[in-house]
Each structure stands twice: as structure tokens, then as C-alpha cells.
Amino acid sequence: MPELPEVEEATGRLRSAALGKTIVRLRILHPALARRFPARAAAAVAGATIQRIERRGKHQLLHLDDGRTLVVHFRMTGDWEVGRVEEPEPRFARAALDLTDGTRVTLTDPRALATLTLHDAQSAPLPALGPEANDPAFTAEYLGQALAARRGAIKPALLDQRVVAGLGNIYAAEALWRARISPRASARALSLERRRRLVRAIRDVLDRAPGGRYWIGEREARWKVYDREGKACPRCGARIRRITQAGRSTYYCPRCQRS
DNA sequence: GGTCGCCTGGTA
DNA sequence: TACCAGGCGACC
């Protein structure tokens, strides 16, 4: 589920369900997650109150009243499901936060790749991240600096969260289509004019994305190039092509997206 | 930079 | 049965 708009929407649901509430217990429900999140860490959050909930890039930070931070990253398929403690666990439940008012917030994740980490007050809870796409600091000039030292193509560079925080594979492809830039174009050689178009396109794509689940319904209507290999480019009619870059699929129009 | 591994499910 | 998947960190 996770690119920025979807994470933002999920963070909103988490806030409604959990903000200001106290944790009865945190249960880790999947062995892969338990390996990375030991039982004693889970036990250690009992009794803490969730004071503030923040999103940064695709990370969600639950600031506890004792200064520690619980950080959640959905990776590919994570999501929150809100229910009551007396209800059965939803399918694909990987971790559950039981709260004192009887609310239960469950981390669901079919692929079990989502991460949950606990950070004490002193340690930095997040890796280095670039500006948010909607941050005024995310400009064509900034992008020029951020890309100046890179060797490769623009598309993999856009997935680097240190360049811009929150962009994922789908929206990176969609933004490049909007900006008419080939995903294989050299990142550091992009002109100012193309960087301007790209910054605008990234903002547009993220703004337009409905907060809901993008993998259910209306796919065809919503994606211009993503997952449309062999279909017609909505702008010029050429066949959309799929290539692999940095191990990920990239979809693009070979006619109207130029290097 | 590119590739692999993490996990599991959905789909061709 | 095989392939693909919205992410990302470790590794070359």
C-alpha cells in the first residue's frame, strides 16, 4: 500500500484511533517480525501513552510520553486495521496494539515485510530523508544539487528517499510520464527546465492520488503508464513499454518520454 | 550504480 | 507452476 498519499491516509486513521491513548500491550504476531522486534521490547511499551503521531516520508512515528518512539514502515503491503480488543484478529495480522479504551489497532501485512522498531529518546529514529515532495524546499534547484553527483538514470534516483521522501515506484513512473522525461535519462544531466517539470509533476501526481487504496479498482483510469505494458499511451498512443531498473519494473512511453 | 533477500499472496 | 508485486537495506 505504501506510497506517500496512502501512508498519509493510514496515519490519519491511526491518529483517530490511537492518539492520546495508553497502550495495554503490544503483541507481535508473526515470527519474522518477532525476530526483529524482541518480546522484551514489546513488553516495554505497555503503559506508555501515545502523545503524538507523525508521518515522515513513508515512516510513521508514534511518539510515546516517555520519550521513546515506535516507528512503523509498511513496506509493500502493510496497513492499519482498527477494531476492538474483543474481536478476532483480522487476516494477515502481524502486530496489534491494544489500548486502554478497548480499541485495537492491528498492523496487517500479507507479505510480512513491514517493519516495527522502538527507539529510545536519544537515538535517531529515522534514516536520512530528503524533503517531502510538498515541502517548499523541494525545488528544481534543490533537485539539481541532489542529483549532481549521481551516475545513473533518473527513475532509480527518484526512489532514493534521500532525494525526495515518500515517492515510490508507481508515482515515480507516473511523474516521469507527466514530465515527459524518459526514466533512463541521466539524473545529473537533467536541465533546469526538465527539473522544474519534474518537481511539478511529482507534486501533481501525489496531490491527485486519492488517499484510498490504489490497488483496488479504477486502476486503468488512474495510471497513465504504470502496469500498462503494451497498452496505448494516453497522450500519444504509442505502446507503453516495461523495462527493469534497479530490479524494479519501470513503465514508460518510449515516444513521448525523451532522454 | 546493480542484485539479492526478505515474505506471502494473487494471477496468468 | 511460474512469475510478479507498492520497499529497502545489505552486499558487490
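Keep in mind that this is a model prediction, so the values were computed, not measured.
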Any idea which of [options] is nearest the [X] side chain?
{"X": "A/M76", "options": "C/dG7, B/dG1, B/dT8", "answer": "C/dG7"}
{"X": "A/H73", "options": "C/dC8, C/dC4, B/dC7", "answer": "C/dC8"}
{"X": "A/R35", "options": "C/dG7, B/dG1, B/dC6", "answer": "B/dC6"}
{"X": "A/K58", "options": "C/dC8, B/dG2, B/dT8", "answer": "C/dC8"}

Any side-chain N or O of [X] less than 4.0 Å from the OP1 or OP2 oxygen of [N]?
{"X": "A/R111", "N": "C/dG7", "result": "no"}
{"X": "A/R150", "N": "B/dG1", "result": "yes"}
{"X": "A/Y251", "N": "C/dA5", "result": "yes"}
{"X": "A/S249", "N": "C/dA5", "result": "yes"}
{"X": "A/Q245", "N": "B/dG2", "result": "no"}

- Query: In Watson-Crick or G-U wobble terms, both distances under 3.5 Å, what is the partner of B/dC7?
  - Reply: none
- Item | Residue from A/Y226, A/W223, A/Y251 passing ring pair (Phe, Tyr, Trp, His ring centres under 6.0 Å) with A/Y171 | A/W223
- Message: Within this structure, what is the CG-CG distance for the pair A/L158 and A/L143, rounded to the nearest 0.5 Å?
- Response: 7.0 Å
- Query: Starting at the 5' end of DNA chain C, which residue's closest nucleotide do you reach first, A/G247 or A/H59?
  - Reply: A/G247
- Query: When the P atoms of B/dC7 and C/dT1 are considered, how many whole Å apart are they?
  - Reply: 23 Å
- Counting only distance, no hydrogens or angles, is the base of C/dA5 paired donor-acceptor with the side chain of A/R248 under 3.5 Å? no
- Message: What's A/A246 touching, base or sugar-phosphate or nothing? Going by heavy atoms closer than 4.0 Å.
- Response: base
- Which of these passes side chain to side chain contact (heavy atoms under 4.5 Å, CB included) with A/I50: A/L99, A/V105, A/D65? A/L99
- More than 12 foreign heavy atoms under 6.0 Å from CZ of A/R184: is that the case here? no
- A/R184 atom CZ is separated from B/dG1 atom C1', nearest whole Å, by 15 Å
